[in-house]
Amino acid sequence: MTPTPASDTAGQARGLFRELTGAGPAGTWSAPGRVNLIGEHTDYNDGFVLPFAIPFRTHVALAPRTDGILRVVSTFDPVPVEVHLTDLDALFPARRDEVPEWARYPLGIAWALLHASGTAAGDVGGADLAFASDVPVGAGLSSSAAIEGATATALADTWGLDLDRVALARAGRTAENEAVGAPTGIMDQMASMLGEADAAIFLDCRTLAAEVVTLGFDAAGLELIVIDTGVKHSHATGGYGERRAACERGAAALDVAALRDVTVADLPRLSERVDDVTFRRVRHVVTENRRVLDTVEVLRDSGPTVIGDLLVASHASMRDDFEISVPELDTAVEAALTAGALGARMTGGGFGGAAIALVSRDGADAVAEAVRTAFDEHGFAAPHIFPVTAGPGAGRDD
Ligand code: ADP
Ligand code: MG
């Protein structure tokens with residue numbers, strides 16, 4: 001399938017920076033969005049995930065300031081947002097509503113970085129930052145982790161903060177949880193920070209230990225395609241919170257710290273202690289953790305051609321037990337499989353967003369066409385379908 005043509009996003013960021021300041025930036029940095037190959041809603045249960053960074057990135061052009069002011073502007077919103085660094089502690093989290101929603105991400109990162117590095121706001125000079133991105137927003141590809149990662153690497157470099165990549169990912173989660181107010185895990189930030197070409201990041205969300213696992217799609221004649229349904233996960237916050245609460249109830253019923261500590265063998269015991277809905281929520285997480293471990297093993301031992309059934313089982317578990325799929329995602333998965341995909345599943349937090357399908361390179365166009373036809377027959381809006389490869393994580397570009 002023809003890849004989406006590269007757009008000059010770095011150039012857009014530089015152009016916006018010049019509009020903001022009248023001068024060129026000191027440098028540009030960027031960070032990618034991600035696709036989660038498998039391991040959904042396992043991150044906040046201390047479990048396992050297997051995401052990879054994608055070639056869509058958020059770019060930031062930056063120059064330091066000396067007056068303690070932090071100014072951000074994005075192609076999403078032409079109005080710059082400006083704060084004094086010494087005001088960040090008053091804004092986050094208590095008065096975050098005073099900050100335009102998008103700007104809570106970069107300003108929240110600055111706030112989280114200062115705390116993580118033990119740096120006083122008066123000890124760094126401030127900065128101007130201009131953002132441009134080609135990561136689809138709200139499609140489950142984590143444009144939020146991309147803007148967080150771009151900001152974190154740019155500010156840490158510029159301010160000389162002694163923070164490693166895991167610390168930068170943690171700052172992303174802090175910003176998203178406290179400054180934005182979204183109760184998300186750390187998978188997205190870790191994928192965006194640690195991504196590598198042709199590899200997924202096998203992450204233990206309890207220890208944050210990360211291993212690079214070769215995907216080998218291209219070498220096996222395979223392609224991974226993303227089917228963006230266009231259904232925005234706008235209701236995600238309520239549904240997400242309900243799922244987290246069910247997971248906590250399940251862990252409490254088994255007297256463990258997190259569902260990571262529950263195995264498939266424990267499930268019969270749990271069924272006597274909790275209601276059916278809680279049981280099914282827990283069963284999804286427990287079996288999904290197992291599927292991540294199995295996928296890593298299969299990738300290492302046999303390569304990507306045999307992971308398809310694990311992807312399909314993951315989707316069924318999210319549809320039937322965790323109940324976070326929507327008809328568009330189910331249709332995408334079913335049509336892709338019927339048209340010959342090796343595996344397919346919804347990816348991301350659910351309630352909308354995107355599905356992925358693993359397809360042979362030669363069959364990719366036919367699968368995409370079958371999905372488009374099925375959407376048309378169901379009266380759904382046309383999906384946006386494109387291939388993704390695994391690319392590098394966050395870093396300085398020039
Ligand atoms: P997802 O991460 O799945 O794309 P989220 O709701 O987690 O969806 O994050 C999307 C939000 O992140 C946007 O609504 C916006 O507030 C912010 N955001 C992402 N990228 C940018 C950008 N380049 N400029 C400004 N805001 C951005
Ligand atoms: Mg997000």
Side-chain angles (χ1 to χ4, degrees), residues 7 9-17 20 28-36 40-41 43-44 49 51 53-54 56-62 71-81 96-97 99-110 129-152 154 169 172-193 226 228-241 324 326 329 346-356 384 388 394:
S7 51
T9 322
Q12 286 171 19
R14 255 185 252 105
L16 189 63
F17 186 91
L20 178 72
T28 62
W29 289 255
S30 65
R34 64 95 189 94
V35 157
N36 191 18
E40 223 66 79
H41 288 265
D43 62 348
Y44 56 79
V49 291
I54 55 178
F56 299 93
R57 300 177 79 89
T58 295
H59 292 260
V60 60
L62 176 151
R71 207 158 46 135
V72 294
V73 67
S74 164
T75 52
F76 288 23
D77 183 347
V79 184
V81 178
R96 64 177 176 234
D97 290 352
V99 180
E101 185 167 357
W102 80 265
R104 293 176 207 164
Y105 292 87
L107 300 184
I109 289 285
L129 296 90
F131 296 93
S133 178
D134 60 10
V135 186
V137 174
L141 302 179
S142 208
S143 67
S144 54
I147 190 171
E148 289 159 14
T151 311
R173 177 175 56 181
T174 303
E176 194 146 345
N177 292 172
E178 311 277 330
V180 179
T184 51
I186 199 167
M187 163 172 73
D188 300 356
Q189 294 85 357
M190 288 291 280
S192 185
M193 277 297 155
V226 171
D228 179 5
T229 64
V231 180
K232 298 292 174 212
H233 53 65
S234 55
H235 302 302
T237 317
Y240 198 98
I324 54 171
V326 294
L329 289 168
M346 53 155 283
T347 184
F351 308 102
I356 53 173
H384 183 209
V388 285

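Just so it is clear, the structure is predicted and the values come from calculations on it, not from any experiment. We count residues from 1, following the sequence as given. The figures here come from the full heavy-atom set of this structure, side chains too, leaving out hydrogens, waters and symmetry mates. Every number for a ligand or one of its atoms is a count from 1 in the order of the listing.
For ligand 1, the atoms sitting less than 4.0 Å from at least one non-hydrogen atom of Trp102 are 16 (O), 25 (C), 26 (N), numbered in the order shown with element in parentheses. Those atoms of ligand 1 that come under 4.0 Å of a heavy atom in Ser133, given as number and element, are 23 (N). Heavy-atom proximity to Gly140, at under 4.0 Å, picks out these atoms of ligand 1: 3 (O).
Here the straight-line distance linking atom CZ of Phe351 with atom OH of Tyr240 works out to 10.0 Å at 0.5 Å rounding. Rounding to the nearest 0.5 Å places OG1 of Thr58 at 6.5 Å from CZ of Phe76. Note that the CG atom of Leu129 and the OG atom of Ser74 stand 11.0 Å from one another [nearest 0.5 Å].
Ordered by chain and number, Ser144 OG make up the set of protein N, O or S atoms under 2.8 Å of the Mg ion (ligand 2).
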Show me the donor-acceptor pairs within less than 3.5 Å that the side chains of residues 184-193 make with the rest of the protein, sequence neighbours left out.
| unit_1 | atom_1 | unit_2 | atom_2 | d |
| --- | --- | --- | --- | --- |
| Asp188 | OD1 | Arg34 | NE | 2.8 |
| Asp188 | OD1 | Arg34 | NH2 | 2.9 |
| Asp188 | OD2 | Arg34 | NH2 | 3.4 |
| Asp188 | OD2 | Ser142 | OG | 2.9 |
| Gln189 | NE2 | Glu148 | OE1 | 2.9 |
| Gln189 | NE2 | Glu176 | OE1 | 3.3 |
| Ser192 | OG | Pro32 | O | 2.7 |

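With His41 contributing its side chain and Gly349 its backbone, the two residues share a donor-acceptor pair below 3.5 Å. In this structure, the side chain of Arg104 engages the main chain of Arg96 through a donor-acceptor pair within 3.5 Å.
The nearest non-hydrogen atom to atom 19 (C) of ligand 1, considering only Ala139, Ser74, Ser143, comes from Ser143.
Of all protein heavy atoms, the one closest to atom 21 (C) of ligand 1 is Phe76 CE2, 3.3 Å.
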